[in-house]
Amino acid sequence: MIRPAQPAEESEVVSRLGRWLALAVLVLAVLLVAVDATVLGLATPFLSEDLRPTGTQLLWIGDVYSFVIAGLLVSMGSLGDRIGRKKLLLTGAAAFGAVSVLNAYATSPEMMIVARALLGVAGATLMPSTLALIRNLFHDPRERSLAIGIWGAMASAGAAVGPVVGGFLLEHFWWGSVFLINLPVMVVLVVVGAKLIPESKNPAPGPWDLPSVALSLVGMIGVVYAVKEAAAHGLRLDMAVAAVAGASALTLFVRRQLRLEAPLLDMRLFHHRGFSGAVLADLLTILGLSGLVFFLSQFLQLVQGREPLEAGLAELPAAVGAVTAGLVAGVVARRFSVRSVVSGGLAAVGLALAALTLLDRTTGYPLLGATLLVVGVGAGFAFTVTADVILSSVPREQAGAASAVSETAYELGAALGIALLGSVVTGVYSDFVTPDGVPAGTAAAAHQSLGGAVEVSAGLPDATAAALVTAAQDAFVEGLRIAAGVGAVVLLATAVAAWFLLRGQKLADGVEHP
C-alpha cells in the first residue's frame with residue numbers, strides 16, 4: 001500500500017518545483033519593466049544634451065509611458081483573462097524588446113515620445129499577466145504571499161540593477177544603450193517562458209468589448225493629460241475639453257461595465273473595502289513618491305556632480321530595503337495585521353520624504369542613503385501586502401482584471417505624480433533669477449531644464465558660468481524640497497486612510513482547491 005503512494009508524492013514535488021520555476025521566469029518580465037523605468041531617469045541628462053527637448057517635452061518623455069499603460073492596463077488584463085495570460089505575456093515581452101530598440105535609436109524628442117508611448121502599449125501586457133499567473137499558480141495563500149514578495153523584490157532589484165548597469169553603459173557608450181539591455185532579458189523570457197509557464201485563462205470569459213476598451217483608453221489619457229498640462233501651464237480651454245472628455249468617457253465606461261454580462265472590469269470588486277483600500281493606497285503612495293524618483297538621478301548627477309555609475313550605486317539602499325521588506329511582508333502581516341504593516345510602511349516613507357525637505361546642494365550621502373533605505377523598507381512592506389490583498393479578494397478567473405486594476409493605480413499614480421510634483425519642480429526652477437552677463441538666448445535655454453543650464457554654461461566666461469549653474473542648481477533643489485514636502489503630506493495622509501480602510505482585513509490562510 002506504500003508503493004502506490006510514492007508517485008503521487010513525487011508528482012506533488014514536481015508540481016511545487018514547477019510553480020517556483022515558472023515564477024522565476026515571470027519575474028523576468030517584472031525585471032524588464034523595472035529596469036526600463038529606472039534607466040530613463042539616469043539617462044535623462046545625456047538624452048537632454050543630445051535631443052535637446054524642452055522642459056515640457058522632457059516631462060512627456062518621462063510620463064507618456066505611464067499615460068498609455070494606465071489607459072490600457074485594464075483592457076489588457078481582461079484580454080489576458082480571455083485569450084490566455086501566458087500568450088499575452090510572451091507576445092508583449094517580444095514587442096517590448098522590439099520597441100526598446102526604437103527608443104534606443106530615437107533621433108528627436110518627438111520620436112522619443114512616440115517610442116515611449118509604443119513601449120507603454122507593450123508594457124501594458126506584462127505586469128497584469130505576471131500577477132494573474134501567480135494568482136493561479138499558487139493556491140496556498142502563504143506560498144502565494146512569498147511569491148508576491150519575490151515578485152515585488154524583483155521589481156525592486158530591477159530598480160537597483162537598472163541604475164548600476166545603466167550607469168556603467170552611460171560611462172562607456174551612448175545613452176541609447178541603456179534601452180538595449182532589455183533585449184537579452186526579453187529573449188530569455190520568451191524562449192524559457194514558452195516551456196515553463198503554464199497557460200491559464202477564464203474558462204467562460206465572454207467577448208472582449210471593444211467599445212469598453214476605447215472608453216477606458218480615452219478616459220484615462222484625457223484625465224491624466226488635463227491634470228498634467230494644468231499643473232504645468234495653468235488652466236486652458238484645451239485642458240478643460242480634455243478633462244471633460246476624459247471624465248465623460250470614464251463615466252460611460254463604468255455604466256457600460258454595470259450593464260454588460262461579461263464586463264471588461266467587474267465594478268463589484270470595488271464593493272470589497274479591502275480591495276478598494278489597497279488600490280487607493282497604491283495610487284496615492286506612488287503619486288507621492290514618483291516625483292522624487294524622477295528627479296533624484298538629476299540631483300545626484302547635475303547638482304552633486306556624481307558620475308552615472310556612482311549615482312546608480314547611490315540609489316541602491318532603496319532597493320535593498322524594498323527587497324528585504326517584500327520577502328518578509330506576508331509573515332509580518334499575519335503576525336501583526338494588514339493595516340498596521342501597510343499604514344506603518346506608508347508613514348515611514350512619508351517621514352523619510354519629510355526629511356528631504358532639509359536637502360541642499362551639499363547634503364552628505366549619509367542622510368540621502370538613510371532616507372532611501374527607509375523609503376525602500378516602507379514601500380516594500382506596503383506594496384507587497386496591498387498586492388496580496390488585491391489578489392486574494394477576487395476569484396481566480398478574474399485575476400487578470402484585478403491585477404490590472406492594481407497596476408493601473410500604480411501607473412496612474414506615477415503619471416499624476418510626475419505631472420504634479422514634476423511640475424512643482426519645473427515651475428520653481430523656471431523662475432530662478434538669471435545672473436548678470438548671461439545673454440537672453442542662453443538664459444532662455446537655461447530656464448528650460450537643469451541639464452540645459454549646465455550645457456549652455458560651457459560657452460560663458462568662467463565666473464558667469466559658475467553663477468548661472470549655481471543659481472540653476474539652487475532653484476532645482478528648492479523645487480525638489482517643495483515636491484518632497486508635498487509627497488510627505490500625501491504619504492502620511494494615505495497612511496491614516498489605510499488604517500481605517502483596511503480595518504479587519506486579513507491575509508488568507510486556507511489552501512484553495514483548483
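Hydrogens, waters and symmetry mates play no part in the numbers below; they use all other heavy atoms, side chains included.
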Inset, instruction - Look up atom CZ in R116 and atom CG in L102, then write down how far apart they are to the nearest 0.5 Å. - result: 11.5 Å
Inset, instruction - Work out which heavy atom in I148 is nearest to a heavy atom in A387; give both atom names and the distance. - result: CG2-CB, 3.9 Å
Inset, instruction - Give the minimum heavy-atom separation between G326 and T384, together with the two atoms involved. - result: CA-OG1, 3.4 Å
Legend entry - Interatomic spacing from CG in L252 to OG in S216 - rounded to 0.5 Å: 12.5 Å
Legend entry - N/O donor-acceptor pair under 3.5 Å between S343 side chain and S340 backbone: no
Legend entry - ring pair (Phe, Tyr, Trp, His ring centres under 6.0 Å) partners of Y429, counting only residues at least two apart: F432
Inset, instruction - Examine distances only and state if a side-chain atom of W208 and a backbone atom of S75 form a donor-acceptor pair shorter than 3.5 Å. - result: yes
Legend entry - CD1 on I83 to NZ on K86, rounded to 0.5 Å: 13.0 Å
Inset, instruction - Write down the atom of T125, the atom of G92, and the distance for their closest heavy-atom approach. - result: OG1-CA, 3.0 Å
Inset, instruction - Verify whether the ring centers belonging to F299 and F476 lie closer than 6.0 Å. - result: no
Legend entry - Residue pair V190 / A93: nearest heavy atoms and the distance that separates them: CG2-CB, 4.0 Å
Inset, instruction - Carefully, step by step, assess F96 and L119 under the rule side-chain contact (heavy atoms from CB on, under 4.5 Å). - result: CA-CA 6 Å; F96 197 94; L119 203 65; 3.8 Å; yes
Anything under 3.5 Å between a donor and an acceptor, one on a side chain of residues 485-504, the other on a protein residue two or more places apart or in another chain? List them.
residue	atom	partner	partner atom	Å
T494	OG1	V490	O	2.7
R503	NH1	F500	O	3.4

Please table the atom pairs, donor to acceptor, closer than 3.5 Å between any side-chain atom in residues 347-355 and protein atoms at least two apart or in another chain.
none

Legend entry - Heavy-atom side-chain proximity of I113 to E110 below 4.5 angstrom: no
Legend entry - Pairwise distance CG(L250) to CZ(R255) - rounded to 0.5 angstrom: 12.5 Å
Legend entry - Pairwise side-chain contact, L356 with L480, heavy-atom cut-off 4.5 Å (strictly under): no
Legend entry - L302 to Q473 - nearest heavy-atom pair and separation: O-NE2, 2.8 Å
Inset, instruction - Without swapping roles, check the side chain of S276 against the backbone of F270 for a donor-acceptor pair under 3.5 Å. - result: yes
Inset, instruction - Would you give the length of the straight line joining atom CG of L215 to atom CE of M220, rounded to the nearest 0.5 angstrom? - result: 13.0 Å
Inset, instruction - Enter the distance from L89:CG to T130:OG1 here, rounded to the nearest 0.5 Å. - result: 7.0 Å
